[in-house]
**Q** 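Starting off with a structure, shown below.
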Protein chains: 2
Amino acid sequence: MELSNKQITVIFKALCDENRVQIFRLLQNGELCACHLLEDLHLSQPTLSHHMKVLCDSGLVVGRKEGKWMHYSISQEGAKIAMDCLKEITAVNKSECNCCNK
Amino acid sequence: MELSNKQITVIFKALCDENRVQIFRLLQNGELCACHLLEDLHLSQPTLSHHMKVLCDSGLVVGRKEGKWMHYSISQEGAKIAMDCLKEITAVNKSECNCCNK
DNA sequence: AAAACATATTGACATTTTTCTATGCGTATG
DNA sequence: CATACGCATAGAAAAATGTCAATATGTTTT
């Protein structure tokens with residue numbers, strides 16, 4: 001799994017806004033449609049729509065269209081990719097100091 | 001571990017900028033001082049200093065002052081907290097649909 | 001077919017973030 | 001002790017992001 005720096009930022013942007021974090025908390029109880037999410041968030045409908053796009057772009061959330069409703073849920077595949085990515089980017093290969101002052 | 005939505009955003013802001021992701025890649029080979037990081041990034045010194053502050057605030061990176069040098073490294077404790085947080089926020093408790101259209 | 005409904009898109013504005021130049025502060029060195 | 005060095009801070013400009021009102025799009029219902 002070789003993700004670019006840009007791709008990594010897209011994934012973690014999902015968790016860089018308080019409202020989006022709150023959306024995760026709401027989705028933890030299962031799939032919800034946008035209208036239901038809207039009830040619990042102090043946001044306008046277009047703003048929610050914008051956040052859901054950011055979340056879907058990250059891969060951490062997936063949308064499922066059913067008639068005129070959009071159902072959103074947390075993607076376990078997306079979560080696994082994010083976890084692997086976080087693990088990979090924070091892994092340290094060596095431990096000695098490489099500084100100019102060594 | 002009960003982190004607020006705000007605290008979560010502070011952690012993951014570390015990975016929302018391409019330059020900061022690149023800094024992680026550089027630190028994966030071990031501790032580096034700011035002057036050395038600066039050589040590999042196309043950034044001014046104050047801009048790097050700003051990014052290092054964001055990284056340290058996230059807890060994913062720690063700084064160690066030695067004389068006039070600042071040595072930065074990836075924090076494994078910080079990484080563990082971020083991993084736990086990501087796991088927790090993407091966990092799903094129920095799987096049935098809770099939508100208004102159920 | 002028209003009306004109602006759920007969501008997305010557009011365009012504008014406010015806020016936040018990124019970036020730089022200039023400067024300040026602490027530490028080491030001549 | 002004066003100077004140089006490494007890094008942080010202040011302030012300003014530019015870019016990106018979050019937000020909303022208005023509107024568009026697609027779907028269901030009457």
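As the structure is a computational prediction, the values presented were derived from the model and not from experiment. Convention: sequence-line order gives letters A, B, ...; per-chain numbering from 1.
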**Q** With a 4.5 Å cut-off on side-chain heavy atoms, are B:C33 and B:Y72 touching?
**A** no
**Q** Return the 5'-most residue of the pair B:P46, B:H50 with respect to DNA chain C, ranking by each residue's nearest nucleotide.
**A** B:H50
**Q** Over how many whole Å does the gap from B:L38 atom CG to D:dG6 atom C1' extend?
**A** 10 Å
**Q** Between C:dT19 atom C1' and B:Q22 atom CD, what is the distance in whole Å?
**A** 18 Å
**Q** Roughly how far apart are B:M83 CE and B:L60 CG, rounded to 0.5 Å?
**A** 11.0 Å
**Q** Go through D:dT9, C:dC20, D:dT19 for me and flag the one nearest to the A:D17 side chain.
**A** D:dT19
**Q** Rounded to the nearest angstrom, tell me the gap between atom CD in B:Q45 and atom C1' in C:dA22.
**A**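 Computing the B:Q45:CD to C:dA22:C1' distance gives 12 Å.
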**Q** Atom NZ of B:K65 and atom P of D:dC7: how far apart are they, to the nearest Å?
**A** 10 Å
**Q** Could you check which of C:dG26, D:dC7, C:dT7 has an atom nearest any side-chain atom of B:K68?
**A** C:dG26
**Q** Can A:N5 and B:Q22 be counted as having a side-chain donor-acceptor contact under 3.5 angstrom?
**A** yes
**Q** Hey, does the side chain of A:T47 come within less than 4.0 Å of D:dT19's phosphate (OP1/OP2), counting only N and O?
**A**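 Looking at the OP1 and OP2 atoms of D:dT19, neither is under 4.0 Å from any side-chain N or O of A:T47.
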**Q** Separation of A:K53 atom NZ from D:dG18 atom C1', in whole Å?
**A** 15 Å
